[in-house]
Visitor: 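Let me give you the structure first, and then I'll get to my questions.
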Amino acid sequence: MSEEVKESLNFIEQIIENDLETKDNITIHTRFPPEPNGFLHIGHVKAICINFETAKKYGGKTNLRFDDTNPITEKTLYVDNIKNDIKWLGYDWEDREYYASDYFQQLYDFAVDLIKKGLAYVDDSTPEQIAEMKGTPTKPGVDSPHRNRSIEENMRLFEGMKNGEFADGSMVLRAKVDMKHPNMLMRDPNIYRIKKAHHHRTGDDWCIYPLYDFAHGQSDSIENITYSLCSLEFRHHRDFYNWLIEKLEIFPSRQIEFARMNVAYMITSKRRLLKLVENNTVTGWDDPRMPTIAGMRRRGYPAAALRTFVNKVGVAKRENVIEIDLLESCVRDELNKTTARVMGVLDPLKLVITNYPEGQVEQMDATNNPEDESMGTRTIPFSRELYIEQDDFMEDAPKKFYRLGPGKTVRLKNGYIITCEDFVKDENGKVTEVHCKYYPDSRSGSDNSGIKAKGVLHWVSIAQAVEVEVRNYNHLFTVDQPLADEEKDFLELINPESLVVKTAFVEPSLQSAKAGERFQFMRKGYYCLDADSTDDKLIFNKTVGMKSSWKKKK
RNA sequence: UGACCCAUGGUGUAAUGGUAACACUACGGUUUUUGGUACCGUCAUUCUAGGUUCGAGUCCUAGUGGGUCAACCA
């Protein structure tokens, strides 16, 4: 019986397990290092999950560290939202909430150390000159004329930079590595720049700020991060990351790069997402069409589904585009287990049960979730006049159409079996009313009719139904990779039907729904109550539709 | 005319030199008072060419294809 399910490790776990076997006193400490200049999106979800889950798996810890070294673009507003999103995703950094800006003094001291070792110099060449001297990937760079300043002069100048004696952009501090290095990032990278700007945390304490390459790795070391997991594009930075560990003689964090996750029909460019918000293509960062955590949350995606998704996607080093079906499959799977079934009609068609007593209302029993008995039952009013879905009736129904049509028999879910006897059309030929007879002994739960009905329809009783707004969402873009075509601006590829608003009718039990609460509208999809709802007007966001093996066959 | 990373079904990830596995999708089928769920089945000569080996998806070499790198962004 004892199955040995050998669990396969991703390449990061292999590295860790190898370290665990070959080295002593290994601790696992990771970090998630967002820059607070935008909202977290689906791409960050992968980074968050990998960092937190990997540490958890090996009994380690994960720090949250805001990489806030650029005072121009960073805001406290983003810090708060990022923290909220990570918590919602289900991860806890406990008391380890850090900021790169906490280390500004230490970073400054590191820079001084480098200068004193003759490994850094102040360059007052113009940005253009610096770029020019860097060469190109195929052409070696040349040394700056300021490369060999004395240590004393470098100290004096750097201190001057710090004290605000020089204008923004007039000079930078550069590491002295190798202008002919095949890796462009090793050609004396800039490590400090002058920016007389207000910082969201340190205020006006500093007017020089470290650049990424002189902040991220050092912060990792300061926090004793053992595995610094980042995306592939930082591969080239690793050389400098390691160079600094060696020269500064600091804690040797190890950077490991993995491929970022791309999801079809989604974009993860902060700049472009910001544009969608600013030009009102969407209603905000939390618009349910946005690939942001806030957007997906509002749309109704459960955090657990997002975690499962990342887990199923896996970790490797090759470029990838994940089909959105996998995400939706994870969402449906989670929602199927956790969500109450209710009935709501999105495109109403009046159905009259001609042999049902006028004015009579029966309370029908309904199971809330067949997957989970503990979710209990409720009652739904049934009467002579109901709404059914327009596409559940067809005048000329094909043989495999298990729904209503002249002479066809179906079961009304949690109700009775009915047979269609007649229907009414308006002057345009549109069906406006369907007339059926019902079989009194076919009531759900006590069916003695012996009648078999293949099709099952959802419905609401017109008199008791609640009119609500339904917001149906589709892919934000018309193509799966909106950024692939460099000729086309991504804004031209916005799906005009990404939001379709409808008036729908739902069963009265929904009246007591709470904002954020999720439901399965039987046969239609999963919906959650939007926070925009008021007592007078409920608004439901479509999270994802049901899977269907019918529609495309027609 | 460089350096680095990558290459397994439609998609993503496994296989850690011993006859290609799992998930999603698609397509069939069973069950079903949701055309949902659940369950079953079908869908790959591992980019190419050499080499090492008894044996290569896995190691080596070359080629091809894709990605990354020249912000005082991260």
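Every chain is numbered from 1, with letters handed out A, B, ... down the list of sequences. Keep in mind that what you see is a predicted model, and the values were worked out from it rather than measured.
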Visitor: For the side chain of A:His236, starting at C-beta, report the closest nucleotide among B:A74, B:A3, B:U34.
Guide: B:A3

Visitor: Using a cut-off of 4.0 Å on non-hydrogen atoms, how would the nucleic acid contact of A:Lys195 be classed: base, sugar-phosphate, or nothing?
Guide: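 Result for A:Lys195 = sugar-phosphate.
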
Visitor: Taking only the side-chain nitrogens and oxygens of A:Arg193, find out if one of them lies under 4.0 Å from OP1 or OP2 of B:A74.
Guide: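 True: A:Arg193 side-chain N/O within range (under 4.0 Å) of B:A74 OP1/OP2.
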
Visitor: Counting side-chain heavy atoms from C-beta on, which of B:C5, B:A74, B:G35 comes nearest to A:Arg523?
Guide: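 Of B:C5, B:A74, B:G35, B:G35 is nearest to the side chain of A:Arg523.
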
Visitor: Over all strands shown, is A:Pro140 touching base, sugar-phosphate only, or nothing at heavy-atom distances under 4.0 angstrom?
Guide: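 Answer is nothing: A:Pro140 stays at 4.0 Å or more from every strand.
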
Visitor: A:Asp365 vs A:Arg378, test: salt bridge (charged side-chain N to carboxylate O under 4.0 Å, His left out). Steps then yes/no.
Guide: CA-CA 6 Å; A:Asp365 292 316; A:Arg378 70 185 185 292; over 6 Å; no

Visitor: Once you apply a heavy-atom cut-off of 4.0 Å, does A:Thr339 come out as touching a base, just sugar-phosphate, or nothing?
Guide: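 Contact class for A:Thr339: none.
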
Visitor: With rounding to whole Å, what would you report as the distance between B:G65 and B:C47 at their C1' atoms?
Guide: 7 Å

Visitor: Distance check, P atoms only: B:C24 and B:G63, in whole angstrom units.
Guide: 41 Å

Visitor: Could you measure between the two P atoms, the one in B:A70 and the one in B:U58, and give it in whole Å?
Guide: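 Approximately 33 Å lies between the P atom of B:A70 and that of B:U58.
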
Visitor: Please tell me which of the listed nucleotides, B:G35, B:C69, B:U34, lies nearest to the side chain of A:Gln520?
Guide: B:U34

Visitor: My understanding is that a pair needs two contacts under 3.5 Å, Watson-Crick or G-U wobble. By that rule, which nucleotide pairs with B:C59?
Guide: B:G51

Visitor: When you match A:Thr138 and A:Pro370 each to their closest nucleotide on RNA chain B, which lands nearer the 5' end?
Guide: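 It is A:Thr138 whose nearest nucleotide is closer to the 5' end.
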
Visitor: If we take the P atom in both B:U8 and B:U48, what is their distance in whole Å?
Guide: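 B:U8 and B:U48 have their P atoms separated by 11 Å.
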
Visitor: Test salt bridge (charged side-chain N to carboxylate O under 4.0 Å, His left out) on A:Glu223 and A:Arg31 and set out the steps.
Guide: CA-CA 9 Å; A:Glu223 294 175 18; A:Arg31 100 271 90 112; over 6 Å; no

Visitor: Going by the salt bridge (Lys or Arg N to Asp or Glu O under 4.0 Å) test, name the single residue among A:Arg147, A:Lys134, A:Lys176 that passes it with A:Asp188.
Guide: A:Arg147

Visitor: With side-chain contact (heavy atoms from CB on, under 4.5 Å) as the test, would you mind laying out the steps for A:Val342 and A:Val506 before giving the verdict?
Guide: CA-CA 8 Å; A:Val342 295; A:Val506 301; over 6 Å; no

Visitor: Flag the pair A:Lys452 and A:Asp447 as a salt bridge only when some basic side-chain nitrogen lies within less than 4.0 angstrom of an acidic carboxylate oxygen.
Guide: no

Visitor: Find the distance A:Asp480:CG to B:G12:C1' and express it as a whole number of Å.
Guide: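 Rounded to the whole Å, the gap is 14 Å.
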
Visitor: Within the structure shown, what part of the strands sits under 4.0 Å from A:Arg341 by heavy-atom distance: base, sugar-phosphate, or nothing?
Guide: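 Base contact.
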
Visitor: I want to verify a distance call: between B:C72, B:A23, B:U11, whose nearest atom is closest to the A:Leu211 side chain?
Guide: B:C72

Visitor: In this structure, how many angstroms lie between the P atom of B:U32 and the CD atom of A:Glu371, rounded?
Guide: 16 Å

Visitor: Heavy atoms only, 4.0 Å cut-off, all strands: where does A:Val313 land among base, sugar-phosphate and nothing?
Guide: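 The answer is sugar-phosphate, as A:Val313 gets under 4.0 Å only of primed atoms, P, OP1 or OP2.
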
Visitor: With a 3.5 Å limit on both atom pairs, tell me what B:U11 is paired to, counting Watson-Crick and G-U wobble, or say none.
Guide: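 For B:U11, the partner nucleotide comes out as B:A23, under the 3.5 Å rule.
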
Visitor: Can you figure out which of B:U34, B:A14, B:C5 approaches the side chain of A:Arg235 most closely?
Guide: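 The listed nucleotide nearest to A:Arg235's side chain is B:C5.
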
Visitor: Side chain of A:Asn336 only, heavy atoms from C-beta on: which candidate in B:A70, B:U37, B:U34 is closest?
Guide: B:U37

Visitor: Could you give the CG-to-C1' distance, from A:Asp365 to B:U33, as a whole number of Å?
Guide: 14 Å

Visitor: Nearest-Å distance, CD (A:Gln481) to P (B:G67)?
Guide: 11 Å

Visitor: Cut-off 3.5 Å, side chains only: do A:Tyr99 and A:Glu74 have a donor facing an acceptor?
Guide: no

Visitor: Closest to the A:Thr69 side chain: B:A74, B:U33, B:G36?
Guide: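 Between B:A74, B:U33, B:G36, the one nearest the side chain of A:Thr69 would be B:A74.
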
Visitor: In the structure shown, which nucleotide is the Watson-Crick or G-U wobble counterpart of B:C73, with both distances under 3.5 Å?
Guide: none

Visitor: When you measure from the side-chain N and O atoms of A:Ser549 to the phosphate of B:G36, is any distance below 4.0 Å, counting only OP1 and OP2?
Guide: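 Looking at the OP1 and OP2 atoms of B:G36, one of them is under 4.0 Å from a side-chain N or O of A:Ser549.
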
Visitor: Of all residues at least two apart in sequence or in a different chain, which pass the salt bridge (Lys or Arg N to Asp or Glu O under 4.0 Å) check with A:Arg254?
Guide: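 Counting only residues at least two positions away or on another chain, A:Arg254 forms no salt bridge (Lys or Arg N to Asp or Glu O under 4.0 Å).
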
Visitor: To the nearest angstrom, how far is A:Asp325 atom CG from B:U11 atom C1'?
Guide: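 To the nearest whole Å, that distance equals 9 Å.
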
Visitor: Once you round it to whole Å, what is the distance between C1' of B:A74 and CZ of A:Phe234?
Guide: 5 Å

Visitor: Select one nucleotide: of B:G35, B:A3, B:G12, the one nearest the side-chain heavy atoms of A:Ile322.
Guide: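 Nucleotide nearest to A:Ile322's side chain: B:G12.
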
Visitor: What distance, rounded to whole Å, do you find between the two P atoms, one in B:C5 and one in B:A44?
Guide: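 The same atom, P, in both gives a distance of 33 Å.
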
Visitor: Checking all strands, does A:Lys317 fall into the base, sugar-phosphate, or nothing category for heavy-atom contacts under 4.0 angstrom?
Guide: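 Here A:Lys317 touches the backbone only, sparing every base.
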
Visitor: Return the pairing partner of B:U46 with a 3.5 Å limit on both distances, Watson-Crick or G-U wobble; otherwise return none.
Guide: none

Visitor: Rounding to the closest angstrom, what is the interatomic distance between B:C43 and B:A21 at atom C1'?
Guide: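 Approximately 15 Å lies between the C1' atom of B:C43 and that of B:A21.
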
Visitor: Classify A:Thr136 by what it touches in the nucleic acid, base, sugar-phosphate, or nothing, heavy-atom distance under 4.0 Å.
Guide: base

Visitor: It should be established whether A:Lys547 places a side-chain nitrogen or oxygen under 4.0 Å from OP1 or OP2 of nucleotide B:U25.
Guide: yes

Visitor: Please give the distance between the P atoms of B:G9 and B:U45 as a whole number of Å.
Guide: 10 Å

Visitor: Counting only side-chain nitrogens and oxygens, does A:Arg318 get under 4.0 Å of the OP1 or OP2 atom of B:U13?
Guide: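 Yes, within the criterion.
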
Visitor: Can you tell me how the ring of A:His199 sits relative to the ring of A:Tyr209, calling it parallel under 30°, perpendicular over 60° and tilted otherwise?
Guide: parallel

Visitor: Classify the nucleic acid contact of A:Glu323 as base, sugar-phosphate or nothing, counting any heavy atom under 4.0 Å across all strands shown.
Guide: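 Touches a base.
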
Visitor: Any ion pair linking A:Asp102 and A:Arg65 (charged N to carboxylate O, less than 4.0 Å)?
Guide: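 A salt bridge is absent here (no side-chain N lies under 4.0 Å from a carboxylate O).
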
Visitor: May I ask you to say what A:His237 touches in the nucleic acid, namely base, sugar-phosphate or nothing, with a heavy-atom cut-off under 4.0 Å?
Guide: base

Visitor: Which listed nucleotide (B:A74, B:A3, B:U13) is nearest to the side chain of A:Asp67?
Guide: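 Comparing B:A74, B:A3, B:U13 against the side chain of A:Asp67, the answer is B:A74.
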
Visitor: Touch check for A:Asp239, heavy atoms < 4.0 angstrom, all strands: base, sugar-phosphate only, or nothing?
Guide: nothing

Visitor: Give A:Phe401 one of three labels, base, sugar-phosphate or nothing, depending on what nucleic acid heavy atoms sit under 4.0 Å from its own.
Guide: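 Base contact.
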
Visitor: From the options A:Arg523, A:Arg411, A:Lys408, A:Lys413, select the one residue that forms a salt bridge (Lys or Arg N to Asp or Glu O under 4.0 Å) with A:Asp392.
Guide: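 Checked A:Arg523, A:Arg411, A:Lys408, A:Lys413 against A:Asp392; only one passes salt bridge (Lys or Arg N to Asp or Glu O under 4.0 Å): A:Arg523.
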
Visitor: Using a heavy-atom cut-off of 4.0 Å across all strands, would you classify A:Gln14 as base, sugar-phosphate, or nothing?
Guide: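 Touches a base.
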
Visitor: Describe the nucleic acid contact of A:Glu328 in one word from base, sugar-phosphate, nothing, applying a heavy-atom distance below 4.0 Å.
Guide: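 Counting heavy atoms under 4.0 Å across all strands, no contact is made by A:Glu328.
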
Visitor: Taking the same atom, P, in B:C6 and in B:C60, what whole-Å distance lies between them?
Guide: 11 Å

Visitor: Which one, B:A74, B:G12, B:A3, comes nearest to the side chain of A:Asn70?
Guide: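 Among B:A74, B:G12, B:A3, the one nearest the side chain of A:Asn70 is B:A74.
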
Visitor: Across all strands, who's sitting opposite B:U37 as a Watson-Crick or G-U wobble pair, both distances under 3.5 Å?
Guide: none

Visitor: Need the pair for B:G65. Rule: Watson-Crick or G-U wobble, both distances under 3.5 Å, any strand; none if unpaired.
Guide: B:C6

Visitor: Please work out if A:Asn320 contacts a base, only the sugar-phosphate, or nothing of the nucleic acid, heavy-atom cut-off 4.0 Å.
Guide: sugar-phosphate

